[in-house]
Structures are given as structure tokens and as C-alpha cells.
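Below is one structure; the comments refer to it alone.
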Amino acid sequence: MAALTSAKGALLPSWARSSSSGHGGDLWRVLGKALATAGGGGGGGCSLLLPRRWQSSLPQLDHVADRSNEESGGEIDWDNLGFGLTPTDYMYVTRCSPEDRGDFPRGELCRYGNIELSPSSGVLNYAQGLFEGMKAYRRPDRAGYTLFRPEENARRMQRGAERMCMPAPSVEQFVHAVRQTVLANRRWVPPQGKGALYLRPLLVGSGPILGLAPAPEYTFLIYAAPVGNYFKEGLAPINLVVHDEFHRAMPGGTGGVKTIANYAPVLRAQMDAKSKGFTDVLYLDSVHKRYLEEVSSCNVFVVKGGVVATPDTRGTILPGITRKSVIELARDRGYKVEERLVSIDDLVAADEVFCTGTAVVVAPVSTVTYQGERYEFRTGPDTVSQELYTTLTSIQMGMAAEDSKGWTVAVE
Ligand code: COI
């Protein structure tokens with residue numbers, strides 16, 4: 001397959017194939033051994049060079065149709081971007097096979113499109129997969145785009161990969177791949193103030209496995225889509241309902257990593273909530289059914305008397321990058337921020353409630369319904385969530401006078 005990387009000098013990757021910085025080399029060697037000795041558990045171990053015949057295939061690059069230098073995304077209505085999928089031009093792909101021994105080889109950009117997977121791939125059968133969410137904004141004052149703390153996503157993917165027994169790309173590979181994906185899809189980055197190019201890095205067990213064991217091959221893929229606001233409410237406050245029957249995570253489970261397996265289980269509760277007119281679901285812990293965990297797709301904060309509190313991340317809660325950034329920004333602005341157990345009673349008594357996440361950014365919550373009672377919270381001007389939203393987004397969009405935190409990464 002021809003690679004855009006070789007066709008377009010500007011997109012040439014800088015990291016070397018021989019780099020030893022790839023994450024998971026040791027893990028891979030352990031897995032190789034485990035697979036090789038798993039009696040009946042996989043029909044083939046990592047120690048074997050597996051035939052390429054089952055490996056996934058990708059849409060071929062069409063150089064004639066290369067539009068990555070164009071400035072505009074065609075007929076798209078930039079004023080009405082929601083969080084739907086608008087297919088873009090290119091995706092980045094690399095695969096780690098047994099012979100790569102846990103180091104992902106240099107990847108390629110190829111046309112965005114369907115990929116072929118073995119019916120017995122680890123991800124399809126056993127949900128061996130992780131994802132990330134990131135945004136690239138068009139810079140207001142000069143050419144180019146900004147990414148927000150991309151190395152944090154890379155490190156989170158590495159931690160998740162450890163938990164899910166997968167090799168992961170190095171931080172440098174990950175960030176480089178994200179940059180390439182942004183540049184190749186630059187015409188899909190919305191105009192300033194209209195939204196962002198959402199990047200979706202995926203790490204999945206793409207190799208075939210029948211018995212329960214780690215897959216023998218992994219695919220790291222990044223695709224992109226222009227997005228606006230996540231919730232249908234736009235920037236308006238949202239209405240949540242507490243679910244005390246279904247839980248998102250359990251101690252010792254995978255709530256603290258961004259595995260794909262955490263998301264389908266919330267759909268039942270989410271659909272029920274939507275059918276009753278709520279925006280989304282707020283989950284309680286599965287042991288005491290009393291402490292706040294997360295909303296389906298974001299972290300949650302409460303504010304009482306100027307003190308900001310959010311559930312601490314002890315394994316059942318995703319360590320959100322927006323969450324971490326908002327905590328730091330709130331402390332910088334003089335607020336006391338507590339990471340602790342936050343009970344449903346704390347929530348009921350709160351002045352403000354808000355959610356944070358890459359997709360939702362900082363979303364104010366106007367009501368939470370718990371056991372049939374509807375509790376209302378402050379929203380709008382002069383709220384802590386409004387202040388934090390403005391501070392955060394001005395950094396993310398490259399509008400802050402200077403990024404004194406060093407959180408943004410320029411792509412040009
Ligand atoms: C994100 O905020 O980027 C996420 O990954 C949440 C997703 C369910 C939209």
C-alpha cells in the first residue's frame with residue numbers, strides 16, 4: 001500500500017522504527033509466552049510468525065483524490081455541527097504483529113473507510129480495545145491548529161493497554177500520529193468558534209483468538225470528524241437522572257481506563273433516561289449505591305460555598321484530562337478543590353453541578369433527578385462552571401494571551 005507519508009514530505013514521521021520507546025515490549029514478551037503455552041486457549045502463540053492471510057486490510061490511498069491541502073470541508077454546515085459522524089479524508093493506521101515484539105511499526109495514512117477484521121479478532125469477541133478522544137482547534141491568529149495535552153492521552157492509553165494486556169504506541173508515536181491525522185484532514189477543522197476536529201485514537205486486538213487470551217495482533221488507528229457541541233442542548237445546561245440500579249463500574253474492574261467495554265453497558269440506562277426527557281445518566285458507586293461516579297461520557301463536579309469537589313479516581317472513575325485540567329485551573333483561580341468521595345447528599349445540597357470531558361468540555365447541570373425528586377442548581381453567568389469553561393476553552397482554542405501552562409501543542 002502506498003503511504004501518504006511517503007508521498008507528502010510535510011507529513012513525514014520523525015520517529016524511527018527501531019525506537020525502543022514503544023510501550024509494552026515487556027508485556028508483549030510475557031504475553032507471547034503465555035499465548036504459546038495456553039493449552040487450547042488460542043490456537044497459536046505469539047512465538048509463531050502468524051500468517052498474514054487473516055490480517056486486516058485497509059482502504060487503499062487514492063492520490064488523485066488527495067484533498068488534504070484544501071482549506072474547506074466542502075458543503076458542510078459549520079453552524080450546525082453536532083456530535084454526529086462526518087466522515088473525513090484520511091485515517092492513520094499501524095499494526096503490531098508478533099514479530100514486532102510489542103513495538104508498533106511506523107504507521108501510514110490511508111483513505112478513511114471500512115477496515116477488515118477477522119471474525120475471531122480479540123476486539124470483536126472479547127472487547128479487547130481502548131479509545132481516546134481529543135480535539136484540534138483552528139488557531140485564531142495564524143495558520144495551524146492546536147491540540148490540548150495530547151501526551152496525556154498517549155499516557156492514558158498506555159496505562160489502559162497495561163490493564164487490557166495490549167502493547168501500546170510510545171508517547172512520541174501517538175502524538176506524531178495525531179498530528180499527521182490533523183494535517184491530512186485539515187480541511188475538516190471547523191472555522192474558529194464553530195467547533196473542533198475530534199480525533200478518535202483506537203487501540204484494538206485485531207488478531208484472531210478463539211479461547212480467551214490476548215489477541216496476537218493489535219491495530220492502532222486514528223480517525224477524525226468535525227464536531228460541535230456534544231449534547232443536543234448545545235451549551236445550555238443539561239438535566240441528569242441518577243441511576244441506582246445500573247452501575248458503570250465496580251472495584252477491581254476497568255472503570256479507571258478508557259476501554260471500549262465501559263461504554264456499551266451504559267446504553268440501556270442512557271436510552272431509558274433519554275426516553276424520559278433527561279439528557280443523560282449520573283451513576284452511583286456499585287458497593288454503597290451512595291457515592292457519585294460519572295455521567296455516561298464525562299466526569300462530574302459539585303460546588304458548595306465556593307468549594308469544588310469531584311470523585312477521586314480510585315479505579316472506578318476515568319482520570320479525565322479535562323477533569324485534571326479543570327482541577328488545576330480552579331485551584332489557580334483560588335478555589336479549594338477536593339478530590340474525595342462525593343455522596344448523593346453532597347450533590348443534593350450543592351449550589352452548582354457540572355460535567356467535564358473532551359467531548360462535553362465543561363457542561364453545566366441545571367437539574368438532577370434522584371429517586372423521583374428533582375433538584376435544581378445554579379447555572380449561567382457568575383457561576384464557577386462558566387468561569388472554568390471560559391478559562392479552559394480560551395486555552396484550548398489558542399485564544400489565551402499565552403498558554404502559561406504549556407498545555408497546547410501547535411500543529412502546522
Ligand atoms: C470524550 O469525551 O472524548 C469521550 O471519549 C466520551 C465519548 C463517549 C464521547
Side-chain angles (χ1 to χ4, degrees), residues 81-86 88 127 129-137 146-161 164 174 178 181-182 189-190 195-204 220-235 238 240 243 246 248-249 254-271 273-274 279-283 293-301 310 313 316-327 354-365 385 388-389 392-393 396-397 407:
L81 282 175
F83 208 83
L85 180 69
T86 304
T88 55
L130 295 164
F131 75 91
E132 282 295 325
M134 310 168 71
K135 281 176 174 169
Y137 289 94
T146 354
L147 291 167
F148 185 68
R149 310 187 80 175
E151 66 297 332
E152 291 284 341
N153 296 84
R155 283 194 278 268
R156 187 167 66 183
M157 180 167 269
Q158 291 184 337
R159 290 193 300 271
M164 302 293 284
F174 181 102
V178 171
T181 311
V182 172
V189 185
L197 185 70
Y198 186 78
L199 286 315
R200 176 52 68 83
L202 293 173
L203 177 63
V204 299
F220 173 58
L221 184 154
I222 308 177
Y223 68 90
V227 296
N229 295 314
Y230 184 74
F231 292 120
K232 69 171 173 21
E233 285 80 355
L235 290 177
I238 60 172
L240 300 176
H243 215 291
F246 291 146
R248 182 191 163 271
T254 56
V257 296
K258 212 163 171 61
T259 167
I260 58 172
N262 289 342
Y263 291 84
V266 307
L267 296 177
R268 180 72 278 145
Q270 194 195 45
M271 289 301 106
K274 287 188 188 218
T279 317
D280 215 323
V281 178
L282 172 60
Y283 295 91
E293 294 247 307
E294 279 186 42
V295 176
S296 308
S297 57
C298 43
N299 294 116
V300 65
F301 285 73
T310 190
T313 53
T316 56
I317 290 164
L318 189 80
I321 294 156
T322 313
R323 173 190 178 278
K324 177 175 172 173
S325 308
V326 158
I327 290 173
F354 63 89
C355 298
T356 63
T358 300
V360 310
V361 192
V362 177
V365 176
S385 74
L388 293 172
Y389 172 85
L392 177 74
T393 52
Q396 289 178 326
M397 295 178 192
W407 283 348

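Quick note: numbers below take in every heavy atom, side chains included, and nothing from hydrogens, waters or symmetry partners. Remember, it's 1-based here, ligands and their atoms both numbered in the order they're listed. Computed from a predicted model, the values in this text were never measured in an experiment.
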**Asked** With a 4.0 Å cut-off, would you call Glu132 and Lys258 a salt bridge?
**Response** no
**Item:** Interfacing atoms of ligand 1 (cut-off 4.0 Å, heavy-atom, Gly133)
**Value:** 3 (O)
**Request:** For residues Tyr263 and Phe131, establish whether the separation of their ring centroids is below 6.0 Å.
**Result:** yes
**Prompt:** For Met134, is at least one N or O under 3.5 Å away from an N or O on ligand 1?
**Reply:** no
**Request:** Taking the side chain as every heavy atom from C-beta outward, state whether Asn153 and Ile321 have any pair of such atoms under 4.5 Å apart.
**Result:** yes
**Asked** Just checking, is any N or O donor in the side chain of Arg248 or Ser296 under 3.5 Å from an acceptor N or O on the other one?
**Response** no
**Prompt:** Which one holds for Lys258 and ligand 1: side chain close, backbone close, both close, or neither close, with close meaning a heavy atom under 4.0 Å?
**Reply:** side chain
**Message:** Side chain or backbone, does Tyr198 bring an N or O within less than 3.5 Å of an N or O on ligand 1?
**Reply:** yes
**Message:** Is the shortest side-chain heavy-atom distance between Asp280 and Phe231 below 4.5 Å?
**Reply:** yes
**Request:** Give a yes-or-no answer on whether the side chains of Glu233 and Thr279 include a donor-acceptor pair shorter than 3.5 Å.
**Result:** yes
**Asked** Is any side-chain heavy atom of Ile327 less than 4.5 Å from a side-chain heavy atom of Phe301?
**Response** yes
**Message:** Give me the residue, atom name and distance of the protein heavy atom closest to atom 7 (C) of ligand 1.
**Reply:** Arg200 NH2, 3.8 Å
**Message:** For atom 8 (C) of ligand 1, what is the closest protein heavy atom, and at what distance to 0.1 Å?
**Reply:** Ser297 CB, 3.6 Å
**Complete:** If we number the atoms of ligand 1 from 1 as shown, the ones under 4.0 Å from a heavy atom of Phe131 are 5 (O)
**Fill in**
The closest protein heavy-atom partner of atom 9 (C) of ligand 1 is Tyr230 CE1, 3.7 Å
**Item:** Shortest protein contact, atom 2 (O) of ligand 1 (heavy atom only)
**Value:** Ala359 N, 2.8 Å
